[in-house]
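Just below is one structure, and these are the notes that go with it.
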2 protein chains.
Amino acid sequence: MTNMKKNIADRVFDTLCTAIVEGEIAPGSKISEPELAKRLKVSRASLREAIGRLEACSLVTRKANIGARVVSLSKEKLLEIYHVREALEGMAARLAAQNITAEEITQLQQLLKRHTDEVNQADGASYFQRSGDLDFHYHIVQSSHNERLISLLCNDLYHLMRMYRYQFGRVSQRAFPALDEHSYVVSAIADGDGEMAELLMRNHIRRSRRNIEQMIKT
Amino acid sequence: MTNMKKNIADRVFDTLCTAIVEGEIAPGSKISEPELAKRLKVSRASLREAIGRLEACSLVTRKANIGARVVSLSKEKLLEIYHVREALEGMAARLAAQNITAEEITQLQQLLKRHTDEVNQADGASYFQRSGDLDFHYHIVQSSHNERLISLLCNDLYHLMRMYRYQFGRVSQRAFPALDEHSYVVSAIADGDGEMAELLMRNHIRRSRRNIEQMIKT
DNA sequence: AATTATTAATGTGTCGACAATATATGTTGA
DNA sequence: TCAACATATATTGTCGACACATTAATAATT
């Protein structure tokens, strides 16, 4: 089962997506269709299909008759994303408190415990460096059971957030406080207190943003 | 100037977008690429490009090797959108209060006055039936000066909201209260009170959603 | 007659080639 | 030497045709 036989365009999308997220293709660099098509041994049609989807999740930008460029990262754009996340994930936490299932609660608590162990073991460093933090947020969004919210955060914005985390690094000393904040959010959701869950999630994300503002204030 | 000479795919997108939004192509109906390509007298490649963009703004859904269907509307999906709007437009109002320019404030106030006149003249009915209400929200989002927020609301979700408004109609008796709520939001933004602006905008959208929940509770 | 197998049709996915546009190169004139 | 124009090259946009998957229609078996 779950034997999704993928199209060429799908595979090309996956390839380019990770290549862009991990910086193998430099931010701001131009994407030459003939060259890439030859390197990946696919037709330009399939490649263009893939590029179209990359554009949909904001990993590339296209200009008419000029072509596609890998998105260029900036402090300002990152902060914009944090504002959007504060709004959307705050709402996601609120809805999760209303709609989460019993199984999802236990799964979320298990995830939180696993994170706690990892952070304690690694002394706070390694975990948040990788995409572990995103996993937590990902699960809460899923538990909102709002398909559009899920699509926006887990399909459209997800890869871009990974890209920033990958390339800006995650030097944060906020591992322990962030972990606490996570546990508060889980408690509020488990209690079914949507108002509190949204408040806590928004504060959590706002603190992350402020932390970044501090660190990269040129 | 502003003489954007458009691609074929752009024109096809515009054509199909309005056709779908206005219901000329029925919700849930299948899109046959060969047939449409022949009717519009364009190649399938250009048509597929356009369909890809329609998918990006959720006007059609595509399944691999099966094809594209016009999105089917439902009460549940509409309420999901309202939750997303409450979160995003609330944040937009907050940011607008911080970032709006003097010119934009006067433009917004003029827009509000025009709306008031129209609603009074038409006795509340006609204006909110058309996309006038969306204009107001559109302007506030623009004034947030958050590019990602603007893109999400004014590019991705905008057409879908128009589609619901077009097809579900807008029977609302809430024209006058809604107009009041609009004016409160503008005041808060003009005062630079982001906290208040967000609160008022969220309440406004939540009331719209509750109103819809009442009307279409089967 | 109902149900499964097999075949025909329709439609989507992919490809290579041509046309339109933008960029790079080279030439001319002041 | 530099600027402006003309030419050449490379890239994107568009097209029609073929390969493959899905659906419909037909045939076969119980």
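Proteins come first, then strands; the chains are lettered A, B, ... in the order of their sequence lines, and each starts at number 1.
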Would you tabulate the side-chain donor-acceptor contacts of residues 62-69 of chain B under 3.5 Å, counting partners in other chains and residues two or more places apart, or write 'none'?
unit_1: R69(B); atom_1: NE; unit_2: G28(B); atom_2: O; d: 3.0
unit_1: R69(B); atom_1: NH2; unit_2: G28(B); atom_2: O; d: 3.3

inquiry  = Within the 4.0 Å heavy-atom criterion, would you say L36(B) contacts the bases, only the backbone, or no part of the nucleic acid?
reply    = nothing
Nucleotide N/O to protein N/O under 3.5 Å, stretch nucleotides 16-21 of chain C:
none

request  = Quick one: sort the H204(B) and H182(B) rings into parallel, tilted or perpendicular, breaks at 30° and 60°.
outcome  = perpendicular
note = E33(A) CD to dC15(C) P, in whole Å, measures 14 Å
message = Do R85(A) and Y82(A) form a cation-pi contact, if we require the NZ or CZ to be under 6.0 Å from the six-membered ring centre and within 45 degrees of the ring's axis?
response = yes
inquiry  = Is R48(A) close enough to dG13(D) that one of its side-chain N or O atoms is under 4.0 Å from OP1 or OP2 there?
reply    = yes
query = Could you give the CZ-to-P distance, from F13(B) to dG13(D), as a whole number of Å?
reply = 16 Å
query = Considering only dT14(C), dA22(C), dC15(D), which nucleotide approaches the side chain of I66(A) most closely?
reply = dA22(C)
task = Starting from C1' on dT11(D), measure out to CD1 on I31(A) and report it in whole angstrom.
result = 14 Å
message = Using a heavy-atom cut-off of 4.0 Å across all strands, would you classify I51(A) as base, sugar-phosphate, or nothing?
response = nothing
inquiry  = Base, sugar-phosphate or nothing for K6(A)? Non-hydrogen atoms, less than 4.0 Å.
reply    = nothing
request  = Nearest-nucleotide wise, let me know which of K30(B) and S46(A) is further upstream toward the 5' end of DNA chain C.
outcome  = K30(B)
